[in-house]
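Following: one structure in structure tokens, then a few remarks.
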Amino acid sequence: MLDLSPVFATFPLLETERFRLRQITPDDAADIFHILSSPQVHQHLGRQPMTSMEEAERRVQAYRATFDRHEGIPWAITRRGERPVIGTVVFWHLNPDHYRAELGYLLAPEWWGQGIATEAAQAVLAFGFTTMGLHSVEAQTAPENIASRRVLEKLGFVQEGYFRENFYDPVTQQFGDTVVYSLLKAAWLAGRQGQCP
Ligand SMILES: CC(C)(COP(=O)(O)OP(=O)(O)OC[C@H]1O[C@@H](n2cnc3c(N)ncnc32)[C@H](O)[C@@H]1OP(=O)(O)O)[C@@H](O)C(=O)NCCC(=O)NCCS
């Protein structure tokens, strides 16, 4: 079994060329509200956009509790040298028995289309496969979420499953499909060396 306790000793700060990934704090609640109150962001998430700052404050507490309970690592995406949170990237559904975690990400819409989710997720995957010791990372998305699927493909993820109508969306009151992707450590390493896995 993978021992993740060292990973949770202090919150892991990560840096990319353009971004700093850090812990989400109570001071970020207004930024989190801005992101999670957006109907665009929620288009494929099957949840209602937030409607109050109190919800955002509770979400920030939940992010911290997730880390404190060793259940996941929710990072704020910030531009280097700037405080505002423009998005989040997370490892959740940690499964130490199987050296596996699930990746998630979202960005405020004004930041879409600049390669930001891909750059942030690259740093998180590098951390996952090296420092954390993961063997594989999973990601799930709605088939209609073309941007998310493209991010996963750019990161080297491979589609492994397609679940039909496994997801009830309380917003549309419809059942939707889910595409399941994964990335194995060997493929990630080969991709970094510019080789085929
Ligand atoms: C998914 C999301 C994080 C992508 O972030 P991003 O920083 O814009 O992603 P990137 O710029 O790294 O890559 C997006 C890719 O999708 C492509 N894309 C986006 N919309 C597209 C569309 N409608 N049709 C075809 N391609 C599309 C972009 O062209 C880009 O590909 P490219 O680099 O080959 O040109 C962002 O759209 C978002 O926050 N969505 C709402 C939350 C969400 O759905 N999260 C994922 C849950 S599974």
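Atoms within each ligand, like the ligands themselves, are counted from 1 in listed order.
Side-chain polar atoms of Thr66 and Glu71 form no donor-acceptor pair below 3.5 angstrom. Residues Gln122 and Thr118 have side chains that never bring a donor and an acceptor to within less than 3.5 angstrom of each other. For Gln140 and Thr178, the side-chain atoms include no donor-acceptor pair closer than 3.5 Å.
Looking from atom 7 (O) of ligand 1 to the surrounding protein, the closest heavy atom is Ala117 N, 2.9 Å. Ile146 CB, 4.3 Å is the protein heavy atom nearest to atom 23 (N) of ligand 1. Distance from atom 9 (O) of ligand 1 to its nearest protein heavy atom, with residue and atom name: Val151 CG2, 3.4 Å. Here the protein heavy atom with the shortest distance to atom 11 (O) of ligand 1 is Gly115 N, 2.7 Å. Among protein heavy atoms, atom 47 (C) of ligand 1 sits closest to Leu45 CD2, 3.7 Å.
Contacts with ligand 1 closer than 4.0 Å are made by side-chain heavy atoms of Lys154 only, the backbone lying farther away. At a heavy-atom cutoff of 4.0 Å, ligand 1 is contacted by the backbone of Gln114 but not by its side chain. Under 4.0 Å from ligand 1, heavy atoms of Leu107 appear from its side chain as well as its backbone.
For Arg64 (side chain) and Ile24 (main-chain N/O), a donor-acceptor pair under 3.5 Å exists by modelled atom type. Judged purely by atom type and a 3.5 angstrom limit, Lys185 uses its side chain to pair as donor or acceptor with the backbone of Phe129. Within the 3.5 Å criterion, the main-chain N or O of Leu14 finds no donor-acceptor partner in the side chain of Trp75.
For Gly113, a nitrogen or oxygen atom sits less than 3.5 Å from a nitrogen or oxygen atom of ligand 1, counting backbone and side chain alike. Between Arg150 and ligand 1, a contact under 3.5 Å exists for at least one N or O pair. Residue Thr118 has at least one nitrogen or oxygen atom sitting less than 3.5 Å from a nitrogen or oxygen atom of ligand 1, judged on distance alone. Considering backbone and side-chain N/O atoms, Asn145 comes within less than 3.5 Å of an N/O atom of ligand 1. The N/O atoms of Leu106, backbone and side chain alike, include none that comes under 3.5 Å of an N/O atom in ligand 1. Every N/O-N/O distance between Val41 and ligand 1 stays at or above 3.5 Å. Note: an N/O pair closer than 3.5 Å links Tyr105 and ligand 1 by distance alone.
Put simply, no part of Arg149 is less than 4.0 Å from ligand 1, judged by heavy atoms.
Ring centroid separation for the pair Phe167 and Phe175 does not come in under the 6.0 Å cut-off.
The only member of Ile77, Val90, Val89, Ile35 that meets side-chain contact (heavy atoms from CB on, under 4.5 Å) when paired with Leu106 is Ile35.
Protein non-hydrogen atoms do reach within 4.0 Å of atom 41 (C) of ligand 1. Under the 4.0 Å distance rule, the nearest protein heavy atom to atom 29 (O) of ligand 1 falls outside the cut-off.
Tyr181 approaches Arg149 most closely through the heavy-atom pair OH-NE, 2.9 Å. Contact between Gln40 and Trp112 at its shortest, heavy atoms only, is O-CH2, 3.6 Å.
Among Ala147, Gly104, Ser148, the residue whose heavy atom lies closest to atom 20 (N) of ligand 1 is Ala147.
The existence of a salt bridge linking Asp28 and Arg83 is confirmed by a sub-4.0 Å separation between a basic side-chain nitrogen and an acidic carboxylate oxygen.
Interface of Gln140 with ligand 1, defined as ligand atoms under 4.0 Å from a residue heavy atom, comprises 48 (S). Near Ile116, with a cut-off below 4.0 Å to any heavy atom, the atoms of ligand 1 are 7 (O), 12 (O).
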